[in-house]
Amino acid sequence: MTGENKVLYNYLDKNVPNSKINYSFSKYLGECFIKIWKDSRKEVLDKYKLDKGINSDKVLGTLQYGKIGVYDTLTLIKTWCSNKKELVKFFPKINLLLKRFEVTKKIFNKYDIDFYPINRDDYKNFTCYCGFGYLLVCCYEVSGKLQYLNSLLKLNDILCSVSDKLSKKNLQTLVFLIKKERLFINDLIDKKL
């Protein structure tokens with residue numbers, strides 16, 4: 001849209017994850033929203049032309065972070081995603097992690113058995129966010145449940161907001177996540193039409 005009626009994509013914030021992006025009471029904007037959402041993602045893809053050869057196996061290989069612990073988020077994600085055929089059996093735990101993300105819009109490095117963060121200040125490792133995005137892609141591909149796609153959209157908003165702070169590996173993962181997100185949304189649009 002042009003002129004005074006221009007609609008902006010309001011779900012990117014350079015302050016995340018310190019501040020939460022508010023999705024409550026969002027207005028329905030239909031096709032106009034899809035266009036501005038696609039434009040926002042294209043802008044990030046164009047900025048970081050890093051998509052050469054990135055695939056699921058490479059993304060899974062980049063999910064490494066320090067010492068492996070019992071509740072280490074990246075270790076859990078790698079375990080869950082290493083065999084997509086077995087992923088469904090982890091859905092109860094994954095859905096608990098998803099619920100925690102939906103409330104806080106943060107991914108912490110370590111969680112207790114009930115997926116409460118071990119350290120509430122330990123949420124700025126963007127590799128964890130990339131790993132969680134990969135997990136959401138896997139869950140959506142296996143189940144087709146929109147809750148995973150919905151969270152992927154929000155997670156990608158966070159990663160796009162902080163794209164200038166991401167390592168090259170995390171940027172490559174973000175490109176992968178955006179491409180998957182766009183593919184899923186386009187598939188849904190095609191099914192509706």
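Only heavy atoms go into these numbers, but all of them, side chains included; no hydrogens, no water, no symmetry mates. Just so it is clear, the model here is predicted, and its values are computed rather than measured.
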* Hey, do the aromatic rings of Phe132 and Tyr129 have their centres closer than 6.0 Å? ->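 For Phe132 and Tyr129, the ring centres are not under 6.0 Å apart.
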* Asked: Does Glu102 CD have over 12 foreign heavy atoms under 6.0 Å away?
  -> yes
Can you check whether [X] reaches [Y] side chain to side chain, under 4.5 Å on heavy atoms?
X      : Y      : result
Val88  : Ser143 : no
Leu153 : Tyr11  : no
Phe101 : Leu136 : no
Leu149 : Leu152 : yes
Leu159 : Leu166 : yes
Asn186 : Lys38  : yes
Tyr134 : Lys180 : no
Lys93  : Leu76  : no

* Asked: Which residues pass the salt bridge (Lys or Arg N to Asp or Glu O under 4.0 Å) test with Asp157, sequence neighbours left out?
  -> Arg41
Between [X] and [Y], what is the shortest heavy-atom contact and its length?
X      : Y      : value
Ile107 : Cys128 : CG2-CB, 3.6 Å
Leu12  : Cys160 : CD2-CB, 3.7 Å
Lys14  : Ser161 : CD-O, 3.4 Å
Leu97  : Trp80  : CD2-CZ3, 4.0 Å
Lys145 : Tyr140 : O-CD1, 3.1 Å
Phe108 : Tyr111 : N-OH, 2.8 Å

* **side-chain contact (heavy atoms from CB on, under 4.5 Å) partners for Asp39, two or more places apart** =>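 side-chain contact (heavy atoms from CB on, under 4.5 Å) check on Asp39 returns Lys35.
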* Structure fact -> The side-chain contact (heavy atoms from CB on, under 4.5 Å) partners of Tyr116 (sequence neighbours excluded) come to Arg100, Asp112, Asp114
Once you round to the nearest 0.5 Å, how far does [atom1] of [X] lie from [atom2] of [Y]?
X      : Y      : atom1 : atom2 : result
Ile77  : Phe90  : CD1   : CZ    : 12.5 Å
Thr173 : Phe176 : OG1   : CZ    : 8.5 Å
Lys179 : Leu177 : NZ    : CG    : 12.0 Å
Asn109 : Asp122 : CG    : CG    : 4.0 Å
Ile158 : Cys130 : CD1   : SG    : 11.0 Å
Leu174 : Gln172 : CG    : CD    : 11.0 Å

* Does Asn150 use its side chain to pair, donor to acceptor, with the backbone of Leu146 at less than 3.5 Å? -> no
* Measure from the side-chain N and O atoms of Lys106 to the backbone N and O of Lys124, and report whether any donor-acceptor pair falls under 3.5 Å. => no
* Are a donor atom and an acceptor atom from the side chains of Thr127 and Asn170 found within less than 3.5 Å of each other? ->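 Side-chain D/A pair, Thr127 to Asn170: present.
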* To do: Let me know which of Asn18, Thr104, Thr73 forms a side-chain hydrogen bond (donor to acceptor under 3.5 Å, both in side chains) with Tyr123.
  => Asn18
* Structure fact -> Exactly one of Leu135, Val137, Ile94 clears side-chain contact (heavy atoms from CB on, under 4.5 Å) with Tyr148, and that residue is Ile94
* Could you go step by step and tell me if Val16 and Lys105 meet the side chain to side chain contact (heavy atoms under 4.5 Å, CB included) rule? -> CA-CA 9 Å; Val16 296; Lys105 302 298 183 281; over 6 Å; no
